[in-house]
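In this chain, numbering begins with 1 at the start of the sequence shown. Every value quoted in this text rests on a predicted model; they were computed, and no experiment measured them.
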Amino acid sequence: MVKDIAALIGRIAVGVVFVAHGWQKFTEFGMAGTAGSFDKMGVPLPTLSAWFAATVELAGGLALIAGLALPVAGVLLAANMLGAWLLVHLPNGLIGEGGAELVVVLGAAALALGFNGGAYALDRVLFKNNKVLNPVAA
């Protein structure tokens, strides 16, 4: 029970950060602003990449919070963070200005929570016999 509560708290915390970043890309920066920023950072296909990042962060963050399609959400969020790390943050090192520490932690946490989301997840209720969407299914 304690590990399930810990997983729930972790999913909510990490999910809220992803939702905030995705929401920011859509509403504060806008897709044109996000794409322009991605272009300046050398991200390939900046408009497509901006839409992918914003959508995965917003929808994936909500999925983490709800505990829905956790393996899919975890893999997509981790892939998004891997791209951010390799394309933008890697030259800046781990810590300091533009460092990779946030994307590394968010990506690893999303992946871990995607496959170990705890008992308090919609996946447990909706997919109780599906071993892909509920890795702990009997």
Side-chain heavy-atom pair V16, I65 within 4.5 angstrom cut-off
yes
Atom CG in D4, atom CD1 in I9: separation rounded to 0.5 Å?
11.0 Å
Linked, directly or transitively: L76 and V19 (ILVMFWY side chains, under 4.5 Å):
no
Taking all heavy atoms of G117 and all of A7, pick out the closest pair and write down the distance.
O-CB, 3.5 Å
Is there side-chain contact between L8 and R11, with heavy atoms separated by less than 4.5 Å?
yes
State the NE2-CG distance between H21 and L77, to the nearest 0.5 angstrom.
12.0 Å
Could you give me the CA-CA distance, side-chain angles and deciding distance for L113 and L70, then say whether side-chain contact (heavy atoms from CB on, under 4.5 Å) is met?
CA-CA 7 Å; L113 291 166; L70 285 174; 5.9 Å; no
Minimum heavy-atom separation for A35 and P46, please, with both atom names.
O-CB, 3.3 Å
Separation between OG1 of T55 and NZ of K25, rounded to the nearest 0.5 Å
10.5 Å
Cluster check M31, V88: I/L/V/M/F/W/Y, side chain < 4.5 angstrom
no
Compute the ring centroids of W51 and F26, then answer whether they are less than 6.0 Å apart.
yes
Do you know the tightest heavy-atom contact between N80 and E57?
ND2-OE2, 3.0 Å
Should V104 and F18 be regarded as members of a common hydrophobic cluster, given that ILVMFWY residues are connected when their side-chain heavy atoms come within less than 4.5 Å of each other, either directly or indirectly?
yes
In this structure, NE2 of H89 is separated from CG of N92 (nearest 0.5 Å) by 7.5 Å
Are more than 12 heavy atoms, taken from residues, nucleotides or ligands other than L94, located less than 6.0 Å from that residue's CG atom?
yes
How far does CG of L111 sit from CE of M81, to the nearest 0.5 angstrom?
12.5 Å
For residues A121 and G67, report the shortest heavy-atom separation together with the two atoms involved.
CB-O, 3.5 Å
Which pair of non-hydrogen atoms, one from P71 and one from D123, has the smallest distance, and what is that distance?
CD-OD2, 3.9 Å
Hydrophobic clusters here meaning ILVMFWY residues chained together by side-chain heavy-atom distances under 4.5 Å, can you tell me if L82 and L102 are in one?
yes
Straight-line distance of L106 CG to W85 CH2, nearest 0.5 Å:
14.5 Å
Name the residue from D39, L87, V43 that meets the side-chain contact (heavy atoms from CB on, under 4.5 Å) definition with S49.
V43
Connected via hydrophobic side-chain network under 4.5 Å: F52 and V103
yes
Nearest heavy-atom approach of A78 to A110 is N-CB, 4.5 Å
